[in-house]
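This report refers to the structure that appears directly beneath it.
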Amino acid sequence: MAGVNGEKLKRLRAWVQNYEWGRSGAEAEVARLLALNTGAEIDPNKPYAEFWMGTHESGPNVLVEEEGEEKEEEKEQQDVGLKEWIEKNPKVLGHKVLEKWGSDLPFLFKVLSVGKALSIQAHPDKELAKELHKMKPNLYKDANHKPEMALAITEFRALCGFITLQELKAVLEDVQEIVELVGTASAKQVMDIDERGGDTADKAKTALRSVFTQLMSASKEMTTKAISKLKSRLLLQSQLRSLTEKEELVLQLEKQYPGDIGVLSAFFFNYVKLKPWEALYLAANEPHAYLSGDCVECMATSDNVVRAGLTPKHRDIQTLCSMLTYNQGYPEILSGLALSPYITRYLPPFDEFEVDRCVLPKGSSVVFPAVPGPSIFLAFVGKGTMKTGCWEGIVTEGDVVFEPANTELVITAATSELQLYRAGINSRFFHGL
């Protein structure tokens, strides 16, 4: 697979994480892609959570030999990692990417199949990531920040960012179990804020930080008691009225994580429902939890997660509560920018990445122009051809392909629909915007 700059496109063997929140193999997109990409046998009852495409050491990709390549090279090449290959061939990244990020891929590309809620979490900024990695390298595996974006494939539900001051006041009025945990003084601090005052935003941030930290720091005994009381009250009220979406969600979370403080803290976050092909991006130090559905995800090359609820894993409540921005309001939802009838681009405000979704009807072709940085393509549905200056090959669903910088690529659909996703460096980075 040779590109116009003489470098070859590389097929990749991806990596899968079987975290317990993943969907079972019988229904997970991640399991389907794994079977297609590697030929692995799928256990219909095992959770398949994340399909990784990139160079992160927790899930490194390996180069796959092309048919017809020199057989004597095969033995030597078959276990070469993408990261190792890039380090030996750094020009595949393009000089501007090399200058900014060094000889590693600056983004990590994934598909997620979410069967039950992920932990309430946030990702540290670069400064905090360095500090956490130095202090606790076994928990925080790298020194990088992790801004990220989720692009829904199915309806995708998430908790993301804090609700407005007005909504928070309503929660403290309606959910007495939270007031019992945080104390009336903390609750009063929120309720007494004048929403018409000039310094409302600062006061709201301070009060929210105080009340959220109190909630997350409540003892296990008090938390269990409060959740039990909340559950009984909501089940009783459900016989008299329709529960709100948030109340129904809280009952679902309680079934998944009984007695977990994350059940109550869900009241503090925006409940976001993405339709297929809508995207949500998350900056550093913003709280979130994915709840259900399948998505394509892209992020800076990092696996740093600070957790505080809805998880059996290590919780670092003090770090989480101190690192959050406490910005309030509904997150921005991206619908994507149509580059052509076939390509939609999703541009988050982060240098490291952008994502394209490409849907081609049979016989149609599209050109991905040469760009100064690398890309990874995932063939999601269907079959077609990829063509560079001096090579043409077949691409079929489950294939993952690395494209070096400065390579023009023509893709043509051979089946009724060819659906691909591409991750690359954010084009604004190259244009200096």
Side-chain angles (χ1 to χ4, degrees), residues 1-17 33-34 36-40 50-111 141-144 298-303 352-353 368 370-379 386-396 398-409 411 420-425 429:
M1 279 188 165
V4 291
N5 64 356
E7 285 297 342
K8 291 183 175 181
L9 303 190
K10 293 288 181 183
R11 291 187 196 268
L12 304 177
R13 189 165 74 239
W15 185 281
V16 159
Q17 308 286 10
L33 291 169
L34 173 67
L36 291 164
N37 180 263
T38 67
E50 298 189 351
F51 184 83
W52 285 30
M53 298 163 281
T55 56
H56 195 280
E57 60 187 24
S58 297
N61 283 199
V62 171
L63 304 187
V64 175
E65 281 297 321
E66 286 293 319
E67 279 182 35
E69 287 194 6
E70 293 294 321
K71 289 295 175 191
E72 59 267 23
E73 288 181 18
E74 196 169 307
K75 210 165 192 178
E76 189 185 321
Q77 292 282 339
Q78 65 185 357
D79 291 319
V80 173
L82 176 61
K83 184 171 184 172
E84 184 188 341
W85 179 75
I86 290 173
E87 282 169 354
K88 286 179 180 171
N89 302 276
K91 65 181 178 180
V92 299
L93 298 178
H95 77 274
K96 200 166 179 188
V97 173
L98 262 173
E99 208 174 89
K100 168 94 176 185
W101 291 288
S103 58
D104 193 11
L105 205 58
F107 60 84
L108 177 57
F109 197 23
K110 298 181 181 180
V111 176
K141 303 288 174 74
D142 55 73
N144 200 12
C298 201
M299 62 199 62
T301 302
S302 171
D303 200 27
E352 285 89 346
F353 60 89
F368 281 87
V371 293
S375 300
I376 288 180
F377 285 84
L378 166 66
M386 278 186 169
K387 187 177 182 182
T388 64
C390 53
W391 185 93
E392 185 171 348
I394 291 168
V395 62
T396 187
D399 282 353
V400 178
V401 176
F402 175 87
E403 179 196 43
N406 306 308
T407 305
E408 183 180 274
L409 188 59
I411 300 175
L420 303 109
Y421 293 92
R422 169 196 162 266
I425 312 297
F429 170 71

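Any value given below was found using the heavy atoms of this structure, including those in side chains, with hydrogens, waters and symmetry copies removed.
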For A300, side-chain contact (heavy atoms from CB on, under 4.5 Å) partners two or more places apart
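Expected list: N144, H145, P147, E352.
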Do I425 and W101 pass the side chain to side chain contact (heavy atoms under 4.5 Å, CB included) test, and can you show the C-alpha distance, the side-chain angles, and the key distance before you say yes or no?
CA-CA 11 Å; I425 312 297; W101 291 288; 4.0 Å; yes
Does the pair V16 and T38 meet the rule for a side chain to side chain contact (heavy atoms under 4.5 Å, CB included), with working shown?
CA-CA 10 Å; V16 159; T38 67; over 6 Å; no
Approximate separation, where rounding is to 0.5 Å, of [X] [atom1] and [Y] [atom2]:
X: T55; Y: I86; atom1: OG1; atom2: CD1; value: 6.0 Å
X: M53; Y: L378; atom1: CE; atom2: CG; value: 4.5 Å
X: K91; Y: N89; atom1: NZ; atom2: CG; value: 7.5 Å
X: S103; Y: K83; atom1: OG; atom2: NZ; value: 8.0 Å
X: I411; Y: L409; atom1: CD1; atom2: CG; value: 4.5 Å
X: L93; Y: K100; atom1: CG; atom2: NZ; value: 14.5 Å

So L82 and V62, do their side chains get closer than 4.5 Å, heavy atoms only?
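Side chain of V62 against side chain of L82, heavy atoms only: no contact under 4.5 Å found.
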Under 4.5 Å between any side-chain heavy atoms of R422 and S375, yes or no?
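In short, these two side chains touch, coming nearer than 4.5 Å.
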Going by ring pair (Phe, Tyr, Trp, His ring centres under 6.0 Å), F402 matches just one of F377, F109, W85. Which one?
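For F402, the ring pair (Phe, Tyr, Trp, His ring centres under 6.0 Å) test succeeds with only one of F377, F109, W85, which is W85.
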Go through N61 and I376 one step at a time and tell me if the side chain to side chain contact (heavy atoms under 4.5 Å, CB included) criterion holds.
CA-CA 11 Å; N61 283 199; I376 288 180; 5.6 Å; no
Which heavy-atom pair separates [X] from [Y] by the least distance, and what is that distance?
X: E57; Y: K141; answer: OE2-O, 4.0 Å
X: G398; Y: L36; answer: CA-CB, 3.8 Å
X: T301; Y: L108; answer: OG1-N, 3.8 Å
X: M299; Y: F353; answer: CA-CE2, 3.4 Å
X: V400; Y: A14; answer: CG2-CB, 4.5 Å
X: L9; Y: P404; answer: CD2-CD, 3.6 Å

Let me see the working for R13 and N37 under side chain to side chain contact (heavy atoms under 4.5 Å, CB included), right down to the final yes or no.
CA-CA 6 Å; R13 189 165 74 239; N37 180 263; 4.0 Å; yes
Pairing residues for W15 by the ring pair (Phe, Tyr, Trp, His ring centres under 6.0 Å) criterion, not counting sequence neighbours
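So W15 forms no ring pair (Phe, Tyr, Trp, His ring centres under 6.0 Å) with any residue.
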Excluding sequence neighbours, so at least two apart, what forms ring pair (Phe, Tyr, Trp, His ring centres under 6.0 Å) with F51?
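Testing F51 for ring pair (Phe, Tyr, Trp, His ring centres under 6.0 Å), a comparison that skips the adjacent residues, returns none.
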Please check: side-chain N/O of Q17 versus main-chain N/O of S58, any donor-acceptor pairing under 3.5 Å?
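It does hold such a pair.
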Side-chain donor/acceptor of D142 to backbone N/O of D303, under 3.5 Å:
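Answer holds: yes.
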